[in-house]
Amino acid sequence: MKTLKEVKVGETVTVARIQGAGPVKRRIMDMGITKGVTIHVRKVAPLGDPMELNLRGYELSLRKADAEMIEVE
């Protein structure tokens with residue numbers, strides 16, 4: 001299964017599962033990224049980090065290190 005880090009600009013994906021545990025996983029979930037949520041990758045910064053995402057009606061910037069923990073389908 002691929003991670004959010006591997007998704008190209010312009011693609012829309014659905015969250016399958018969030019890896020990790022503890023405070024990092026909790027922080028990702030607090031940002032609204034939970035199983036079943038649709039995420040649209042709007043753009044990626046020139047040097048590749050961070051990514052700008054659209055989800056749940058708002059925009060979110062997420063570091064690639066955090067995006068690697070999110071499995072999508």
* Start with the C-alpha distance between L60 and E52, add both sets of side-chain angles, then the distance that settles side chain to side chain contact (heavy atoms under 4.5 Å, CB included), and finish with yes or no. => CA-CA 6 Å; L60 173 70; E52 190 172 301; over 6 Å; no
* To do: Compare all side-chain heavy atoms of M1 with those of E73 and state whether any distance is below 4.5 angstrom.
  => yes
* Between L62 and P50, which heavy-atom pair has the shortest distance, and what is it? -> O-CB, 3.4 Å
* Residues in salt bridge (charged side-chain N to carboxylate O under 4.0 Å, His left out) with R27, at least two apart? -> D66
* Do other residues, nucleotides or ligands put more than 12 heavy atoms under 6.0 Å from K2 NZ? -> yes
* Taking all non-hydrogen atoms of both residues into account, name the closest pair between M51 and V41 and its distance. => CE-CG1, 4.0 Å
* Asked: Of the non-hydrogen atoms in Q19 and E68, which two are nearest, and what is the gap between them?
  -> OE1-O, 3.9 Å
* To do: May I ask you to test the I70-I28 pair for a side-chain heavy-atom distance under 4.5 Å?
  => yes
* Asked: Checking salt bridge (charged side-chain N to carboxylate O under 4.0 Å, His left out) for the pair E59/R42: CA distance, chi angles, key distance, verdict?
  -> CA-CA 9 Å; E59 294 176 0; R42 237 181 107 227; 2.9 Å; yes
* side chain to side chain contact (heavy atoms under 4.5 Å, CB included) between I18 and E71, intermediate numbers included -> CA-CA 6 Å; I18 301 170; E71 291 184 5; over 6 Å; no
* List the atom of I33, the atom of V15, and the distance in Å for their closest heavy-atom pair. => CG2-CG2, 3.9 Å
* Asked: Is a side-chain donor or acceptor of R56 paired with a backbone partner of G32 at a separation under 3.5 angstrom?
  -> yes
* Looking only at atom types and distance, does a side-chain atom of D49 sit under 3.5 Å from a main-chain N or O of K64, one as donor and one as acceptor? -> yes
* Side-chain heavy-atom pair V7, V72 within 4.5 angstrom cut-off -> yes
* Close side-chain approach of N54 and I39, heavy atoms under 4.5 Å -> no
* Minimum side-chain heavy-atom gap L53-L4 below 4.5 Å -> yes
